[in-house]
Amino acid sequence: MKVGYYQFSPEFGKPSQNLERIRTVLSGVEADIVVLPELAFTGYCFADREELRSIAEDVSQSSTVDSLSNLCRDSNFYLVTGFAERENDKLYNSALLIGPYGLICTYRKLHLFNTEKEYFDPGDTPLQTVEIRGAKVGLMICFDWVFPEVARTLGLQGEDVLCHPSNLVLTYCQKTMLTRCL
């Protein structure tokens with residue numbers, strides 16, 4: 001399995017521009033799975049919950065998800081991306097697994113970091129693995145790495161690949177991720 005990632009700094013509050021940038025860079029990429037950052041379309045630091053609400057999307061009616069599904073179909077890969085999700089009156093820091101035929105699953109971040117608690121609701125989706133091209137793929141988001149139970153739960157489900165959209169801001173995060181991978 002060929003897994004890739006596209007790490008970049010999204011332009012805050014500009015989902016359309018970030019989507020176009022991602023589509024341009026990933027068009028024609030040869031991979032089985034590509035992982036994008038946490039909150040790849042909206043950016044990360046919100047002034048308040050209302051600002052987040054104004055740019056978060058409902059995945060069931062999302063032009064971003066539709067566009068990414070088309071990209072996955074055209075390039076024959078799967079995509080894991082961070083996503084500001086709105087469902088009714090709830091706002092989630094989510095990770096989406098999208099494939100050539102559309103949205104496969106949504107994981108909502110369980111462990112909110114620092115001021116995220118002011119904007120996002122805690123996740124309410126179970127940790128799960130999804131089989132893609134013969135490999136079991138698990139999702140977690142950024143600060144979830146601090147809690148060994150997240151990686152352990154996915155590992156007990158037979159996870160082969162751990163996809164981790166992140167905006168790791170603490171200096172030691174990248175090095176400690178090696179432990180979770182092991």
Side-chain angles (χ1 to χ4, degrees), residues 1-10 15 18-42 44 57 59-60 62 64-85 92-111 123 125-169 172-182:
M1 174 166 280
K2 187 175 182 180
V3 179
Y5 64 90
Y6 176 45
Q7 186 65 43
F8 71 104
S9 296
N18 292 320
L19 174 61
E20 187 54 36
R21 179 179 182 181
I22 290 165
R23 288 185 54 80
T24 299
V25 169
L26 296 184
S27 181
V29 165
E30 293 182 23
D32 293 298
I33 301 173
V34 177
V35 181
L36 299 175
E38 179 180 20
L39 300 170
F41 303 96
T42 58
Y44 188 78
E57 293 183 71
V59 294
S60 68
S62 169
T64 301
V65 171
D66 292 342
S67 182
L68 294 172
S69 297
N70 291 335
L71 174 64
C72 289
R73 184 189 64 242
D74 295 344
S75 299
N76 192 31
F77 60 57
Y78 291 79
L79 189 64
V80 174
T81 184
F83 192 80
E85 180 190 3
Y92 299 104
N93 184 341
S94 297
L96 308 180
L97 173 57
I98 300 170
Y101 303 103
L103 181 64
I104 297 168
C105 75
T106 301
Y107 165 71
R108 295 172 175 158
K109 187 174 183 179
L110 292 172
H111 303 96
T125 53
L127 295 164
Q128 66 175 339
T129 59
V130 176
E131 189 165 327
I132 295 176
R133 298 183 178 167
K136 287 189 175 183
V137 175
L139 307 178
M140 68 182 199
I141 303 170
C142 204
F143 194 55
D144 285 333
W145 75 266
V146 169
F147 303 89
E149 296 81 3
V150 175
R152 182 176 185 274
T153 298
L154 294 168
L156 289 171
Q157 292 179 27
E159 159 256 334
D160 299 303
V161 178
L162 179 57
C163 296
H164 183 225
S166 302
N167 185 14
L168 298 172
V169 296
Y172 53 84
C173 293
Q174 291 81 357
K175 291 178 183 172
T176 57
M177 274 308 301
L178 297 173
T179 303
R180 292 296 168 258
C181 293
L182 291 173

Check [X] against [Y] and note the closest heavy-atom contact, atom names and distance.
| X | Y | value |
| --- | --- | --- |
| Ser69 | Gly102 | OG-CA, 3.2 Å |
| Leu139 | Ala95 | CD1-O, 4.1 Å |
| Pro100 | Asn76 | CG-OD1, 4.5 Å |
| Val130 | Cys105 | CG2-SG, 3.9 Å |
| Ala40 | Pro10 | O-CB, 3.3 Å |
| Glu159 | Ala151 | OE1-O, 4.2 Å |

What distance do [X] atom [atom1] and [Y] atom [atom2] have between them, rounded to the nearest 0.5 Å?
| X | Y | atom1 | atom2 | value |
| --- | --- | --- | --- | --- |
| Asp32 | Arg133 | CG | CZ | 4.5 Å |
| Asp66 | Leu71 | CG | CG | 12.5 Å |
| Ser166 | Phe143 | OG | CZ | 12.0 Å |
| Leu162 | Thr129 | CG | OG1 | 11.5 Å |
| Tyr6 | Leu36 | OH | CG | 9.0 Å |
| Ser94 | Lys109 | OG | NZ | 10.5 Å |

Would you kindly say whether [X] and [Y] are connected by a side-chain donor-acceptor distance under 3.5 Å?
| X | Y | value |
| --- | --- | --- |
| Glu57 | Thr64 | yes |
| Asn93 | Tyr44 | no |
| Asn18 | Arg21 | no |

Quiz item: Between Glu30 and Lys2, does at least one N-O distance fall below 4.0 Å, as a salt bridge requires?
Solution: no
Do [X] and [Y] have side chains that get closer than 4.5 Å, going by heavy atoms?
| X | Y | result |
| --- | --- | --- |
| Val161 | Lys136 | no |
| Phe77 | Ile132 | no |
| Trp145 | Leu168 | yes |
| Tyr78 | Cys72 | no |
| Tyr5 | Val34 | no |
| Val80 | Ile33 | yes |

Quiz item: Does atom CZ of Arg73 have more than 12 heavy-atom neighbours, drawn from other residues, nucleotides or ligands, at distances under 6.0 Å?
Solution: yes
Practice problem: With side chain to side chain contact (heavy atoms under 4.5 Å, CB included) as the test, would you mind laying out the steps for Leu96 and Leu103 before giving the verdict? | Solution: CA-CA 7 Å; Leu96 308 180; Leu103 181 64; 3.9 Å; yes
Quiz item: Going through the checks in order, is the side chain to side chain contact (heavy atoms under 4.5 Å, CB included) test met by Leu127 and Leu110?
Solution: CA-CA 9 Å; Leu127 295 164; Leu110 292 172; 4.2 Å; yes
Quiz item: Is the backbone of Ile104 close enough, under 3.5 Å, to the side chain of Tyr101 for a donor and an acceptor to pair up by distance?
Solution: no
Exercise. Please check if the side chain of Glu38 supplies one atom and the backbone of Asn167 the other of a donor-acceptor pair under 3.5 Å.
Key: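 Judged by distance alone, yes, a pair lies under 3.5 Å.
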Quiz item: Do the rings of His111 and Phe147 sit parallel, tilted or perpendicular, given the 30° and 60° boundaries?
Solution: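 If you compare the ring of His111 with that of Phe147, the planes turn out parallel.
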Quiz item: Checking side chain to side chain contact (heavy atoms under 4.5 Å, CB included) for the pair Leu79/Leu26: CA distance, chi angles, key distance, verdict?
Solution: CA-CA 10 Å; Leu79 189 64; Leu26 296 184; 4.0 Å; yes
Quiz item: Should Thr106 and Phe83 be marked as a side chain to side chain contact (heavy atoms under 4.5 Å, CB included) after you check the CA-CA gap, both sets of side-chain angles, and the distance that decides it?
Solution: CA-CA 9 Å; Thr106 301; Phe83 192 80; over 6 Å; no
